[in-house]
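Heavy-atom basis, side chains included; hydrogens, waters and symmetry copies ignored.
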Amino acid sequence: MAFARETIWIIGASSGIGRELAIQLAGLGATLILSARREQELIQLRQKLGENHSVYPLDVADLAAVDKVAGQITAHHNKLDRVLFLPALYKPAAICDMDINFAHKLIDVNLTGAMYVVHAVLPIFARQQSGQLVLCGSVAGYLGLPNGQPYSASKAGLINFAESLYAEAPAYLDVKLINPGFVRTSMTAKNDFVMPMITTVQHAAAVIIRGLTKRAFEIHFPRRFTILLKLLSILPYRLALWLTRKIMIKQ
Ligand SMILES: NC(=O)c1ccc[n+]([C@@H]2O[C@H](COP(=O)([O-])OP(=O)(O)OC[C@H]3O[C@@H](n4cnc5c(N)ncnc54)[C@H](OP(=O)(O)O)[C@@H]3O)[C@@H](O)[C@H]2O)c1
């Protein structure tokens, strides 16, 4: 059965979707490597899931730390089956109110951090001649949305990076991109607007886990919402941007 006896590195496991993925994947028999910055949350999660799982605190914006943890994982685990990259920072604001220092940090985590992780794990998968690499984007990356900057821009970059990675991937490497709609987590708790078709972390994690075993590159949900945004993003700019302003700025 998929996931049983697999070793899966979840980066961004201390809360939200990543934490719930850890709970459900542990229930399916996977051995987890749990990473994020908040060590205490990860230790508590390991206590809940079992001592066979391990905790490697990590700030993905720190290249040396990413390389060090990847090295430690190689030394302590015979095989790494999947790596799930979920870290992201988010602060909703209009661009004129943008906190430029936070914007810099956000790009370091959401986009550069993903590149650091990919750079660190590709040699591991090459040695094994197998592996799955999963990056978490967002529907916010389909089209620049109001009040999401620079988060939307970082996710557009991540989607583009995942596409390049997929296009280049050797046969032994499976690359997946997760693009969720709204999910109820501490991230969306910052939003003061109506979030259409918002779902739970339990539902999100279940859909993602199903998607990890399928052939499709992109895992996106809830479909009624993501398909609407996909359609919006392929309209001519004039119409797409007019609709975006009309629908989203007025809320
Ligand atoms: N919730 C939604 O509606 C939604 C929609 C679309 C996409 N997504 C994406 O889904 C993913 C998970 O989001 P979420 O909603 O579950 O948010 P969340 O609860 O805030 O989780 C974010 C995770 O990223 C970790 N993280 C943040 N900065 C980090 C860093 N520098 N190094 C390592 N880990 C770091 C956090 O842990 P620490 O703070 O302990 O480091 C936490 O575990 C994100 O990529 C997000 O963009 C979410």
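- For the pair Lys230 and Glu218, the minimum side-chain heavy-atom distance is below 4.5 Å.
- Cluster membership for Leu235 and Ile159, using ILVMFWY side-chain heavy atoms within less than 4.5 angstrom, is shared.
- Between Thr226 and Asn179, the shortest heavy-atom contact is CG2-O, 4.0 Å.
- Annotation for Ala30 and Ile8: closest pair CB-CD1, 3.7 Å, computed over non-hydrogen atoms.
- Residue pairs meeting the ring-ring contact (aromatic ring centres under 6.0 Å, His included) criterion with at least one member in residues 121-158, sequence neighbours excluded: Tyr90-Tyr151.
- At least one side-chain heavy atom of Phe161 sits under 4.5 Å from a side-chain heavy atom of Met115.
- With rounding to the nearest 0.5 angstrom, the CD atom of Gln72 is 9.5 Å from the CG atom of Leu58.
- Put simply, the side chain of Val183 does not reach to within 4.5 Å of the side chain of Ile198, judged on heavy atoms.
- The backbone N or O of Leu42 sits nowhere less than 3.5 Å from a side-chain atom of Ser14 that would complete a donor-acceptor pair.
- Between Ser152 atom OG and Asn110 atom CG the span is 10.5 Å, to the nearest 0.5 Å.
- To the nearest 0.5 Å, atoms CZ (Phe182) and CZ (Phe225) are separated by 4.5 Å.
- Screening residues 204-214 for side chain to side chain donor-acceptor pair (under 3.5 Å), with sequence neighbours left out, gives no hits.
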Kindly determine whether Phe3 and Asp81 satisfy side-chain contact (heavy atoms from CB on, under 4.5 Å), including the steps that lead there.
CA-CA 9 Å; Phe3 308 113; Asp81 296 284; over 6 Å; no
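- A single hydrophobic cluster is seen to contain both Met197 and Leu243, as judged by linkage of ILVMFWY side chains at heavy-atom distances under 4.5 Å, directly or through other members.
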Working note: Met195 + Thr188, criterion side-chain contact (heavy atoms from CB on, under 4.5 Å); need CA distance, chi angles, decisive distance, verdict.
CA-CA 9 Å; Met195 290 175 273; Thr188 43; 3.7 Å; yes
After noting the C-alpha distance and the side-chain angles of Thr199 and Val207, does the key distance pass the side-chain contact (heavy atoms from CB on, under 4.5 Å) rule?
CA-CA 11 Å; Thr199 189; Val207 174; over 6 Å; no
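- Minimum heavy-atom separation, Leu106 to Pro150: CD2-O, 3.9 Å.
- Environment of CD1 in Ile95: sparse, with no more than 12 heavy atoms of neighbouring residues, nucleotides or ligands closer than 6.0 Å.
- Put simply, CD1 on Ile43 and CG on Leu34 are 10.5 Å apart, with the number rounded to the nearest 0.5 Å.
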Show the atom names and distances, to 0.1 Å, of all donor-acceptor pairs under 3.5 Å that link a side chain in residues 15-28 to residues at least two apart or in another chain.
| from | atom 1 | to | atom 2 | distance (Å) |
| --- | --- | --- | --- | --- |
| Ser15 | OG | Arg38 | NH2 | 3.1 |
| Glu20 | OE2 | Gln24 | NE2 | 2.8 |
| Gln24 | OE1 | Ala206 | N | 3.4 |
| Gln24 | NE2 | Gln202 | O | 3.1 |

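- Transitive grouping of hydrophobic side chains (ILVMFWY, heavy atoms separated by less than 4.5 Å) brings Leu145 and Leu239 into a common cluster.
- Contact detail for Lys155 and Cys136: the closest heavy-atom pair is NZ-O, 2.9 Å.
- Atoms CG and NZ, from Asp97 and Lys91 in turn, are 10.5 Å apart once rounded to the nearest 0.5 Å.
- The distance from the CE atom of Met187 to the OG atom of Ser138 is 8.5 Å, given to the nearest 0.5 Å.
- In the hydrophobic clustering (ILVMFWY side chains linked at under 4.5 Å, chained through shared members), Tyr237 is joined by Leu241.
- Under a hydrophobic clustering in which Ile, Leu, Val, Met, Phe, Trp and Tyr are joined whenever their side-chain heavy atoms come within less than 4.5 Å, directly or via other members, Met98 and Leu111 fall into different clusters.
- Side chains of Ile11 and Val83 form a contact here, defined as non-hydrogen atoms less than 4.5 Å apart.
- Side-chain contact between Lys105 and Leu89: present, with at least one pair of heavy atoms (C-beta onward) separated by less than 4.5 Å.
- The side-chain heavy atoms of Ile178 and Leu135, taken from C-beta on, include no pair separated by under 4.5 Å.
- Within the structure, side chain to side chain donor-acceptor pair (under 3.5 Å) contacts touching residues 160-171 (residues at least two apart or in different chains) do not occur.
- The minimum heavy-atom distance between Ala120 and Val66, with the atom names listed, is CB-CG1, 3.9 Å.
- Under the 4.5 Å side-chain criterion, counting only non-hydrogen atoms from C-beta, Leu80 is in contact with Ile33.
- Formation of a donor-acceptor pair under 3.5 Å by the Gln128 side chain with backbone atoms of Ser130 is found in this model.
- Hydrophobic clustering (side-chain heavy atoms under 4.5 Å, transitive across Ile, Leu, Val, Met, Phe, Trp, Tyr) groups Val109 together with Phe102.
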Verdict with supporting geometry, Leu143 and Leu232, side-chain contact (heavy atoms from CB on, under 4.5 Å):
CA-CA 8 Å; Leu143 186 74; Leu232 186 64; 3.9 Å; yes
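- Residues Lys176 and Leu212 share a closest heavy-atom pair of CE-O, 3.8 Å.
- Leu231 has its side chain out of reach of Leu229: every pair of non-hydrogen atoms, C-beta onward, lies at least 4.5 Å apart.
- Among residues at least two apart or in separate chains, there is no side chain to side chain donor-acceptor pair (under 3.5 Å) pair with a member in residues 41-68.
- Put simply, the side chain of Asn191 never gets that close to the backbone of Phe193: no donor and acceptor are under 3.5 Å apart.
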